[in-house]
2 protein chains.
Amino acid sequence: MNNGKKAPTIFDVATESGVSISTISRVINNPEKVNLNTRQRVYEAIDKLGFVPQAEARARALRLKGRIGVITPFFTAPSFVQRLRGIARTLSKENFDLVIYTVDSNNRLQSYLSTLPLTGNLDGLIIMSLPVAEADVRRLVDHQLSTVLIEFPHPQLNSVEINDVEGGRIATEYLLKKGHRRIAFLGDTDLPEYSLHPVNLRLKGYRQALEAAGIDIPHEFVRLEPYDQERARMVAKELIDMPNPPTALFAATDFQALGVLKAARQLGLKIPEQLAVIGFDDLDMAEYEDLTTIRQHLDESGKIAIEILLSHIADPSRPVQHITLPVTVIERLTA
Amino acid sequence: MNNGKKAPTIFDVATESGVSISTISRVINNPEKVNLNTRQRVYEAIDKLGFVPQAEARARALRLKGRIGVITPFFTAPSFVQRLRGIARTLSKENFDLVIYTVDSNNRLQSYLSTLPLTGNLDGLIIMSLPVAEADVRRLVDHQLSTVLIEFPHPQLNSVEINDVEGGRIATEYLLKKGHRRIAFLGDTDLPEYSLHPVNLRLKGYRQALEAAGIDIPHEFVRLEPYDQERARMVAKELIDMPNPPTALFAATDFQALGVLKAARQLGLKIPEQLAVIGFDDLDMAEYEDLTTIRQHLDESGKIAIEILLSHIADPSRPVQHITLPVTVIERLTA
DNA sequence: TGTTATTATGAAAGTGTTTTCATTAAAGCC
DNA sequence: GGCTTTAATGAAAACACTTTCATAATAACA
């Protein structure tokens with residue numbers, strides 16, 4: 001098979017079999033229009049050269065292109081990776097290539113959203129934790145590209161989301177049930193503009209729970225800081241040093257909660273006795289650190305997204321689905 | 001958009017904006033080479049017509065498919081993810097799609113290696129931390145698929161690797177220089193059979209360093225355990241409980257080192273006073289945990305792999321490159 | 001046998017883009 | 001003002017096929 005030479009073209013096959021390229025093309029696309037003898041000769045040449053038509057990829061596998069795209073924020077946050085893992089695992093069993101489009105700016109997101117539906121050559125698209133404008137939704141629908149949104153629902157497209165408000169609420173209720181009355185909140189603020197801010201929803205849940213319990217919180221207890229463990233550590237220190245410090249803290253992401261834990265260790269602060277800490281996400285590292293947290297089934301969300309996508313590709317007439325994944329408290333040692 | 005009409009081509013845009021198709025092409029591919037006024041006019045025409053370049057025609061003219069594949073072990077270990085991140089970041093600036101092939105069994109690896117060069121429709125391939133048999137190498141070379149191997153060098157293909165032996169050696173030497181004489185080793189053992197085992201090389205470096213220092217180590221000090229933090233914790237406990245315990249421990253992966261750190265916390269063991277710990281990899285989490293470790297530039301290795309690959313795609317006649325990345329001690333608080 | 005259909009085939013024109021090369025226009029310099 | 005650079009642009013070739021159209025060869029029929 002083709003030792004070292006360039007990939008054979010239709011011309012090589014023509015030379016080999018002594019007919020013109022037109023005939024080769026016909027053998028491939030309309031075999032019945034070619035005389036049996038000639039056809040046989042061409043097939044032999046094709047086999048001998050190991051010829052694979054370039055555009056064959058297109059005609060391959062029925063009408064499908066065999067590719068599924070995932071637009072994801074550039075994976076700095078572990079939660080993106082964990083979702084992606086669920087996607088990769090589920091998809092690897094199917095006969096689809098996984099094409100990754102990482103977004104690191106609004107521009108890039110826009111460019112993906114405007115070109116992929118037209119030219120991306122995709123059977124389906126998953127958009128992870130990124131906002132999709134009305135015009136983009138329309139384009140996706142117009143071009144009939146099966147799509148699943150994660151964390152950013154839209155009535156016209158399939159979606160998988162979690163109930164962030166409820167998550168914030170049950171985290172706070174959990175702390176309340178443990179007897180805490182002075183509960184601080186630490187959220188991330190400076191996620192890049194192109195990405196989503198579930199933190200606000202989690203904060204809302206926190207406020208709801210407190211209000212329902214008739215508890216007033218000094219506004220210094222609510223801290224929105226850059227998504228950075230160093231900052232989380234500083235905030236922890238500041239909170240603890242307050243004249244009347246909180247007894248518990250709800251961190252809107254595990255990543256920040258881990259920063260607080262580390263600060264606590266450095267300050268010799270006993271967790272959870274002196275400060276109870278609950279996180280959100282249930283990252284891999286949360287288990288390792290015995291962090292009490294809200295589990296949002298990151299792997300699972302990726303898996304479900306793929307499943308919805310595949311079923312929608314198989315039957316595009318299927319009505320759009322909106323799935324809300326449950327959140328649950330995972331009780332470990334920090335709260 | 002696209003209401004019944006044919007999709008607009010570069011010719012339509014040329015007519016609309018009153019310039020030649022060459023200029024349109026330039027506006028799209030090298031905007032800076034076109035006068036600002038003209039450029040503006042072309043952009044307007046593009047917007048007005050809703051023009052989108054046709055990927056297939058583009059690939060044909062470019063003699064490229066616009067796709068680069070990465071075969072990677074299914075990303076359980078954070079180190080794979082970090083390499084992948086370097087790849088994604090570097091590639092996102094180029095005009096290539098990133099196709100991910102995750103491997104979770106030997107079978108799957110074999111099937112990728114045998115089909116991708118033929119039908120994968122790829123311009124280049126990166127094979128991450130996976131063994132490639134002689135026959136597979138031959139196939140890759142025969143079909144002239146530009147390839148870069150990471151962590152598994154082969155004379156006929158480009159490669160990026162790190163010096164694991166040296167890494168093991170300098171880690172051990174670092175501990176020796178700190179005055180330790182009783183140094184334990186913790187490595188991972190049950191990586192799936194299809195994946196690579198740099199642990200043996202790191203262990204070799206460890207042995208070399210000890211031998212050079214004329215130090216004999218009880219063989220119970222060398223532990224090979226499943227890649228699992230729980231096990232790492234158990235091992236840490238066992239080592240400490242020995243009648244004559246080690247004063248330092250070199251863990252072949254940060255992941256295991258972190259498990260040891262946790263065990264130490266639970267046992268109330270002072271680190272590094274009672275047990276110095278050094279890891280290997282310099283994962284993101286290592287910095288967070290102030291783990292002293294051997295840095296192997298994971299992100300960078302992905303970046304370099306892509307750079308080599310792209311230059312090789314641009315000029316396939318270029319001789320193969322073998323890059324060995326340096327390893328360095330990153331001194332933090334645990335050793 | 002001469003005429004008409006039918007079948008098999010090749011030449012050549014498309015397909016939509018990139019890129020090289022040549023040309024023109026503008027700018028810089030003495 | 002003449003000469004040399006430099007910038008901006010278009011013409012045309014290349015890419016790897018598909019498809020149309022014309023032609024040659026064969027078969028069918030009177």
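Order of the sequence lines fixes the chain letters, A, B, ..., with proteins taken first and strands second; residue numbering starts at 1 for each chain. Below, each value reflects all heavy atoms present in this structure, side chains not excepted, and no hydrogens, waters or symmetry copies.
Salt bridge annotation for B:Lys303-B:Asp299: absent, with no cationic side-chain nitrogen under 4.0 angstrom from a carboxylate oxygen.
Taking atom CG of B:Leu49 as the reference point, atom P of C:dG16 lies 14 Å away to the nearest angstrom. Put simply, CD1 on A:Ile24 is 11 Å from P on D:dC17, counting in whole angstrom units. Distance CG (A:Asp12) to P (D:dC17): 9 Å, rounded to an integer number of Å.
For A:Leu98, the side-chain contact (heavy atoms from CB on, under 4.5 Å) partners two or more places apart in sequence, or in a different chain, are A:Val70, A:Ile87, A:Ala88, A:Leu91, A:Ile100, B:Ile100. With sequence neighbours left out, the side-chain contact (heavy atoms from CB on, under 4.5 Å) criterion links B:Asn107 to B:Ser105.
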task: Report, as a single string ordered 5' to 3', how protein heavy atoms within less than 4.0 Å touch nucleotides 5-15 of chain C: B base, S sugar-phosphate only, - not at all.
output: ---SBBBB--B
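Screening residues 13-27 of chain B for salt bridge (Lys or Arg N to Asp or Glu O under 4.0 Å), with sequence neighbours left out, gives B:Glu16-B:Lys48. Judged as a salt bridge (Lys or Arg N to Asp or Glu O under 4.0 Å), not a single pair has a partner in residues 27-42 of chain B (not counting sequence neighbours). Within the structure, salt bridge (Lys or Arg N to Asp or Glu O under 4.0 Å) contacts touching residues 152-161 of chain A (residues at least two apart or in different chains) do not occur.
Taking for each of B:Asn30 and B:Ala57 the nucleotide of DNA chain C with the nearest heavy atom, the 5'-most of the two is the partner of B:Ala57.
The side chain of B:Arg58 contributes no N or O atom lying less than 4.0 Å from OP1 or OP2 of C:dG16.
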